[in-house]
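To keep things clear, I will list the structure first and then write my remarks on it.
Quantities reported herein were computed from a predicted structural model and do not represent experimental measurements.
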Amino acid sequence: MKWFATGCLTLLLAVSVSVPARGADIVETAVQAGKFKTLAAALEAANLVDTLQGKGPFTVFAPTDEAFAKLPEGTIPTLLKPENKDTLTGILTYHVVAGKVLAKDVVKLNGATTVNGQRVDIKLDGSSVMIDGATVVATDIECDNGVIHIIDSVILPADKSIVETASEAGSFSTLLAAAKAAGLAGVLAKDGPFTVFAPTDEAFAKLPKGTVGSLLKPENKDKLVAILKYHVVSGRVYSDQALEAKTAKTLQGASVRIRATSAGAMINDSKLVATDIDASNGVIHVIDEVLLPPTDQAQARKKLYDAVVKGSAMFNAGHHSACAKLYMDTLEEVMTTDLDVSMKLQMHKFMTSAKHQHSATDRAWTLRHGIDQMFVTFDQ
């Protein structure tokens, strides 16, 4: 799991590499060193030469020719074929990190997001630094547009989709069955990138008896879709980013709360039991309970509460018109949700009253009083 930075260790490694005089870019430096012929050929086949000769800066974890030779026989010629350009590009960009990251900074990290989109693991193993399964054998070869660190093996990104990764894990049978029943399996297999908070089979088993069977019925498809989408966030959000953000808006529309506790990291009231499992089209975090999206009423209450917090500050600062507008806009948004008719009539009444008032102060007070009455109704 990638959570926080580890301690600092200065890395002093060296191999016999002929480094050109200053003034060379990353590609020129690699070519002149004489140990990266395969890498140079791969960059050309993937049309990445111009990119790595660009402004940058880039940090490249560069495999030597010997590193490429460790791959299974026939791998390199296959990757260099035009029809495999996308795969080759994915592998090469997995060796590149945006920005100039020197060795003294690399060893402070336990992961780094690559240009490929996936993260590499970084860890100290005795006196060595490992990038995924490769050992860093030389560092800080500075170029005009970045820096090169030499590694002794080619590192490979995840090449299986979220669905394939979950299937291979063997502990997400219920989740996969639900995704198939909801018509979402194809989306999670091909589109993305997505971040999935994935409940295990044991997590689904915690639901009341008969719940899963009921949700899998065709007539409950909409409810199932909403629940599953509440577990998915657009983009790749790694665990440290999630904790820093504190919330994440799901594809269902509502947000989940993310926090660190003494018991571990939590998504709402579900515990994160494994994080940062890369897939070709996203990342998976494993959770121990199924997340249930808030009802329309709960979401409406939250929107109104947030508006009151923000609007009160506006009103107290003298911005009465802005406060009134915020309240009105929020109420109009809430009116579009699936609330009880009596609640909508209640809102319509005080919204209409506020619209007929010429004073921004009066409008703000009328709307605030009406919202307060809504809270009483919600709590009944």
Side-chain angles (χ1 to χ4, degrees), residues 162-163 175-176 178-199 203-204 207 211-212 214-239 241-259 265-270 272 281-285 287 289-311 325-341 343-344 347-348 351 371 374-375 377-379:
I162 290 170
V163 171
L175 175 62
L176 292 172
K180 184 176 181 180
L184 295 176
V187 175
L188 293 177
K190 297 179 181 178
D191 297 338
F194 300 113
T195 297
V196 178
F197 299 108
F204 276 100
L207 294 172
T211 300
V212 175
S214 177
L215 286 172
L216 293 177
K217 293 179 179 179
E219 60 266 30
N220 293 324
K221 181 178 178 180
D222 288 346
K223 183 180 291 187
L224 179 62
V225 168
I227 291 173
L228 293 178
K229 283 187 174 182
Y230 192 57
H231 291 76
V232 183
V233 173
S234 180
R236 291 180 185 269
V237 183
Y238 289 95
S239 55
Q241 298 168 331
L243 283 171
E244 184 177 352
K246 294 184 173 56
T247 63
K249 186 174 183 180
T250 69
L251 297 189
Q252 183 267 347
S255 295
V256 290
R257 185 164 59 112
I258 306 162
R259 68 194 193 282
M266 309 290 290
I267 306 295
N268 289 353
D269 294 320
S270 179
L272 277 164
N281 64 333
V283 61
I284 298 171
H285 306 299
I287 56 177
E289 291 187 16
V290 177
L291 304 173
L292 297 176
T295 63
D296 284 335
Q297 181 170 311
Q299 291 186 62
R301 194 185 198 288
K302 177 68 165 55
K303 288 177 180 179
L304 291 174
Y305 175 80
D306 290 343
V308 167
V309 171
K310 188 174 181 179
K325 184 178 187 304
L326 173 64
Y327 289 160
M328 185 66 75
D329 290 346
T330 305
L331 285 162
E332 288 177 348
E333 182 181 355
V334 169
M335 283 283 282
T336 65
T337 61
D338 189 20
L339 292 181
D340 185 82
V341 174
M343 290 186 180
K344 291 190 175 184
M347 284 190 288
H348 179 73
M351 288 169 68
I371 291 172
M374 291 296 301
F375 289 144
T377 304
F378 284 140
D379 294 338

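Side chain of Thr250 to main chain of His231: no donor-acceptor pair is present (N/O by atom type, distance under 3.5 Å, no hydrogens or angles). Of the possible polar contacts, none joining the Arg257 side chain to the Thr247 backbone as a donor-acceptor pair under 3.5 Å is found. At least one donor-acceptor pair closer than 3.5 Å links the side chain of Gln299 to the backbone N or O of Pro294. In terms of modelled atom types and a separation under 3.5 Å, the side chain of Thr336 and the main chain of Glu333 share a donor-acceptor contact.
Within a 6.0 Å radius of CD in Glu244, no more than 12 heavy atoms belonging to other residues, nucleotides or ligands are found.
Contact between Ser255 and Tyr230 at its shortest, heavy atoms only, is O-OH, 3.3 Å. The minimum heavy-atom distance between Gly311 and Leu326, with the atom names listed, is N-CD2, 3.6 Å. Considering every non-hydrogen atom in both Val163 and Ala185, the closest pair reads CG2-O, 3.5 Å. When all heavy atoms are compared, the tightest approach of Met374 to Leu304 is CB-CD1, 4.3 Å. Shortest non-hydrogen contact noted between Gly235 and Thr195 is O-OG1, 2.6 Å. Heavy atoms only, all atoms of each residue included: Leu188 and Ile162 are closest at O-CB, 3.5 Å.
Rounding to the nearest 0.5 Å places NZ of Lys180 at 11.5 Å from CG of Leu216. Atom CD1 of Ile267 is separated from atom CG of Leu291 by 7.5 Å, given to the nearest 0.5 angstrom. Between Met347 atom CE and Glu332 atom CD the span is 11.0 Å, to the nearest 0.5 Å. To the nearest 0.5 Å, atom CZ of residue Phe194 and atom NZ of residue Lys229 are 9.5 Å apart. Atom CD1 of Ile371 is separated from atom CE of Met351 by 9.5 Å, given to the nearest 0.5 angstrom. Here the NE2 atom belonging to His348 is positioned 12.5 Å from the CG atom belonging to Leu331, to the nearest 0.5 angstrom.
Salt-bridge check for Lys325 with Asp329: passed, with a basic side-chain N closer than 4.0 Å to an acidic carboxylate O.
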Next on the checklist: side chain to side chain contact (heavy atoms under 4.5 Å, CB included), that's the test. Do Leu292 and Ile227 meet it? Break it down for me.
Outcome noted: CA-CA 6 Å; Leu292 297 176; Ile227 291 173; 4.1 Å; yes

Next on the checklist: Could you walk me through whether Asn281 and Asp191 satisfy the side chain to side chain contact (heavy atoms under 4.5 Å, CB included) test, starting with their C-alpha distance in whole Å, then the side-chain angles of each, then the deciding distance to 0.1 Å, before giving a yes or no?
Outcome noted: CA-CA 7 Å; Asn281 64 333; Asp191 297 338; 5.9 Å; no

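Phe197 and His285 have their aromatic ring centers within a separation under 6.0 angstrom.
Contact check for Ile258 versus Leu243: side-chain heavy atoms found under the 4.5 Å cut-off. Here the side chains of Leu228 and Leu251 are not in contact, with every heavy-atom distance at 4.5 Å or above.
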